[in-house]
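Since the structure comes first, as structure tokens, the remarks are kept for the end.
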Amino acid sequence: QVQLVESGGGLVQAGASLRLSCVASGLTFKNFGMGWFRQAPDKGREFVAAIAPTDNVTDYHDSVKGRFTINRDNARNTVVLQMSSLKPEDTAVYYCAARAGVIPITPEYDYWGQGTQVTVSS
């Protein structure tokens, strides 16, 4: 059974940093592209960042480029989203997702975590 478990969300002030982690189990992690998406109230799920399975190719939404960094540790089945210079518009539930072999920027992923809330106050 595949599980993706996110952690690290919270309430911070604008300009602060947060580090989200996602630990995967039940899959061969090194074979999966990993993505982060977010969903604000009354909005659709939005692509944030993704990282390829083994060559560390990354992709970011324009709104987070230069502020967010995605990394993975295949030995620990973990993907991390380091977020800095947070803005109120970054407030959302953040989801970790896994897709075999590729990293689409649409929510076409095989597995999803339960989400972690990030709230940025102004």
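Remark: D42 engages no residue in a side-chain hydrogen bond (donor to acceptor under 3.5 Å, both in side chains) (not counting sequence neighbours). Every side chain to side chain contact (heavy atoms under 4.5 Å, CB included) that V93 has, sequence neighbours left out, goes to Y95, Q117. Shown here are the salt bridge (charged side-chain N to carboxylate O under 4.0 Å, His left out) partners of R19, two or more places apart in sequence or in another chain: there are none. By the side-chain hydrogen bond (donor to acceptor under 3.5 Å, both in side chains) test, N71 is found to be paired with no residue, residues two or more places apart in sequence or in another chain being considered. Every residue two or more places apart in sequence or in another chain that forms a side chain to side chain contact (heavy atoms under 4.5 Å, CB included) with Q3 is listed here: S25. Checked against salt bridge (charged side-chain N to carboxylate O under 4.0 Å, His left out), R38 has the following partners two or more places apart in sequence or in another chain: E46, D90. Looking at residues two or more places apart in sequence or on another chain, you find a salt bridge (charged side-chain N to carboxylate O under 4.0 Å, His left out) between K65 and D62.
Within the structure, every pair that satisfies the side chain to side chain donor-acceptor pair (under 3.5 Å) test and touches residues 5-16, not counting sequence neighbours, is listed here: E6-Q114. Applying the side chain to side chain donor-acceptor pair (under 3.5 Å) test to every pair with at least one member in residues 76-87, sequence neighbours left out, gives these pairs: D73-R76.
Think of V5 as one node in a network of Ile, Leu, Val, Met, Phe, Trp and Tyr side chains linked at under 4.5 Å; it has no links at all.
Under the 4.5 Å side-chain heavy-atom criterion for Ile, Leu, Val, Met, Phe, Trp and Tyr, M34 and F47 are members of distinct hydrophobic clusters.
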Give the intermediate values and the outcome of ring-ring contact (aromatic ring centres under 6.0 Å, His included) for residues W112 and F37.
-> CA-CA 10 Å; W112 292 85; F37 287 74; 5.2 Å; yes
Can T91 and V118 be said to form a side chain to side chain contact (heavy atoms under 4.5 Å, CB included), step by step?
-> CA-CA 5 Å; T91 295; V118 172; 5.9 Å; no
Donor-acceptor pairs under 3.5 Å, side chain of residues 98-110 to any protein atom, not counting sequence neighbours: which ones?
residue	atom	partner	partner atom	Å
R99	NH1	E108	O	2.6
T106	OG1	E108	OE1	3.2
Y109	OH	P104	O	2.7
D110	OD2	A100	N	2.9

Identify every side-chain donor-acceptor pair in residues 49-60 under 3.5 Å, counting partners at least two apart or on other chains, and give the distances.
residue	atom	partner	partner atom	Å
D55	OD1	V57	N	3.2
Y60	OH	I70	N	2.9

